[in-house]
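These numbers come from a predicted model, not from an experiment. We name chains A, B, ... by the order of the sequence lines, and we start the count at 1 in each one.
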Amino acid sequence: MNVSEDGSLFNQSDDYSDYYNLEDLVSPCPHDNNQRTEMWVGPYVHSVICILGFLGNSLVILTYAFYKRTKSMTDVYLLNVAIADLLFVLSLPLLVYNQLSSWSMGSVACKLLRGSYSVNLYSGMLLLACISTDRYIAIVQARRSFRLRSLSYGRLICGVVWAFALLVSIPTFYFYDRYELSHNTFYMQGEGEQPENNQTSKPPQYVCEFRFNDSDVAKSVKLAVPGTQLAVGFFLPLAIMGFCYTAIIVTLMKAKNFQRHKAVRVVLAVVVVFIVCNLPYNLVLLYETISKFSEQSCQDSDTVQIAITVLQPLAYLHCCLNPVLYAFIGVKFRNHFQRIVRDLWCMGKKYMTPRRFSRVTSEMYVSSLRRSVDGSSDQGSSFTM
Amino acid sequence: MAGDKARLVAALCSLIVLAAFIDSTQSASCCLRYSRRPIPCKRLLGYTVQTINTSCDINAIIFHVPGRFVCADPAMNWTKRGVKCVEDMRRKMEEIMENGTSVATTSS
């Protein structure tokens, strides 16, 4: 917005300048600082997350597809988390590209990308809660374990989770729309004498945002969508995981097993990573949702938006860490994974001419993964159970 | 090692290509609060209606005055007067324009 703060309005005008102070007149808020932050976070941080998340999660899926049959409930959950996370990171570059290119892929892409983002967010978070209950039953309720942790139950629960995620995402599918950024503007002197205005400048800028016909619907959906995301997409899984993992740790501490410390460490890592990644973003989202329809200063709003822009990728990072925290931390899974890498390497030797390169990268990747699961790499059995 | 470097360069290039889209980043500028002081009618050039039906979260009238935009509370009396004032002026202008063109066509 070209509302330059030079005060030219006040200097040129006669009786006007004495009567009005700059502070009395409020202009639309351009969120300048947030836009500057977005320019950096948008392409750079998201591409890193996308690449890492793609590598980790597709390796998990490859492992299940070719090497390890899904035999237990845990396997079903891990595979589904990897699928949800992979779909999520794959939609990220498309989302960023469209946001930066005025939604050039059209309004179907707008609805599909926003909608699938929401579906994958919900299913990913709820499946993590399912994994925690699965482990809870296995460790704390060991007697019921065989009956409750069957493969068919696992598939059924995953189906229910995906259906539920789809259901709570319907408002997102329905109300998000691609539209041209312009308000209903009325001028008294025809089209010729408009002041410089970003909102009506050409070429037309498109956004993919909520759009409603009715302001009551607008008000309730604008509260309900982030509200559901907070409640179902964060606080519910947090509560379930908090309960299950606390009970697991209590049980493990009672057990006289030399491996328990390592298992406790894995549990703590899972919980700490979940909280560190998701809590900050969700707290800011909560604050933003609560203060949504009230008047606020441009500076405060800008700060909140910057916080969201910075903390959102931190929450996304969780998708890249899930394969390490849940799948690769298990010894069995790691063995399968090493077989994949070995086979890929052999294939690479056969088909690729610059041999040296492929070897270097695959070895680097294995060693870095080993380092990242360091704490449990010498552990006797897997915590994947 | 040459292949290594080539890949790195390729990766960096793709990042830069993504970054090239940055300039067109655009989001709606919304009124977040209202001006308390009324603006005299003679200063107004036009107005824009902001509703909560799109990405903005409060209803507002955005008055266009020379050099800037001013947010106004649609519930306030001076805002309603301002809108009416712009509408009246617009109607008058249209009449003048119509008369002007009709005079022009008859004279030619």
How many angstroms lie between CG in B:Asp57 and CD in A:Glu288, if you round to the nearest 0.5 Å?
7.0 Å

First locate atom CG of A:Leu25, then atom CZ of B:Arg37, and finally report the distance between them rounded to the nearest 0.5 Å.
9.0 Å

Gap between atom CD of A:Glu295 and atom SG of B:Cys71 - 0.5 Å precision
9.5 Å

Check: B:Ser55 side chain, A:Glu209 main-chain N or O, donor-acceptor pair, under 3.5 Å
no

Does any backbone or side-chain atom of A:Ser297 lie under 4.5 Å from a heavy atom of chain B? Answer side chain, backbone, both or neither.
both

Polar side chain donor-acceptor pair, B:Thr54 to A:Arg211, under 3.5 angstrom:
no

CZ (A:Phe293) with more than 12 external heavy atoms under 6.0 Å
yes

How long is the gap from CZ on A:Phe212 to CD1 on B:Ile52, to the nearest 0.5 Å?
8.5 Å

Report which part of A:Lys222 has an atom under 4.5 Å of a heavy atom belonging to chain B: side chain, backbone, both, or neither.
side chain

If one checks every heavy atom of A:Asp300 against chain B at 4.5 Å, the contacting part turns out to be neither

Nearest heavy-atom pair of B:Arg33 and A:Val26: which atoms, and what distance?
O-CG1, 3.5 Å

Is A:Phe54 atom CZ crowded by more than 12 heavy atoms from other residues, nucleotides or ligands, each under 6.0 Å away?
no

Under 4.5 Å to a heavy atom of chain A? For B:Ile58 that would be side chain

With a 4.5 Å limit on heavy-atom distance, are the side chains of A:His31 and B:Leu32 in contact?
yes

Is it the case that over 12 heavy atoms from other parts of the model lie below 6.0 angstrom from the NZ atom of A:Lys219?
no

Mind checking whether A:Pro28 and B:Cys30 have side chains closer than 4.5 Å, heavy atoms only?
no

Contacting region of A:Asn213 [heavy-atom separation from chain B under 4.5 Å]
backbone

